[in-house]
Amino acid sequence: MATTPTKEDYVETIWSLIQNKGYARTVDIADRLGVNSASVSKMIQRLDGDGLLVYERYRGLGMTDEGFQLGQQLSKRHQTLEIFFQYLGIKDPDEIYQTVEGIEHYVNANVLERISALVAYIEQHPEWWNQYSDQLKSI
Ligand code: FE2
């Protein structure tokens, strides 16, 4: 990741590590976000202070209900935006990922709801979208 990860990036990453592996280690968080362990430790303390994480020395990192819900929400937003860019015809998964990472923090609930509605409409009316997609082939 080229830019400094935000608080939201941390919450999303920790949530997804816990979902996939059952736990989130500092080294894995650092690895995914491309930062050093000291930055991760500092952010963990902040998120603990915000009531999103619980850090216990011997038990490791857990999420509060609030943290878990936020992580789930952020991950859903990321996913919706990825699907949206796939529909736009962007094929390279790295390009999609980097673009979503770049813009997701600026997509508020209202914008996300509208993008979700469009994605749902496309899914319900594939022929409508295919007709449009044919126009995109020249791009
Ligand atoms: Fe993300």
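Counting starts at 1 for both ligands and their atoms, in listed order. Everything numeric in this text was worked out from a predicted model, so none of it was measured. Start at 1 with the first residue, then count along the sequence.
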When rounded to the nearest 0.5 Å, the distance separating CD1 of Ile14 from CE of Met63 is 5.5 Å
Partner residues of Asp134 under the salt bridge (charged side-chain N to carboxylate O under 4.0 Å, His left out) criterion, sequence neighbours left out: Lys137
Residues passing the salt bridge (charged side-chain N to carboxylate O under 4.0 Å, His left out) test with Lys21, sequence neighbours excluded, are Asp28
Once you measure the plane-to-plane angle for Trp129 and Tyr87, does it fall in the parallel (<30°), tilted (30-60°) or perpendicular (>60°) bin? perpendicular
Checked the Fe ion (ligand 1): protein N, O or S atoms closer than 2.8 Å come out as Glu12 OE1, Glu12 OE2, His78 ND1, Glu101 OE2, Glu104 OE1, Glu104 OE2
Contacts of Thr64 that satisfy side-chain hydrogen bond (donor to acceptor under 3.5 Å, both in side chains) - sequence neighbours left out: none
Salt bridge check, Lys76 against Glu12: does any charged N sit closer than 4.0 Å to a carboxylate O? no
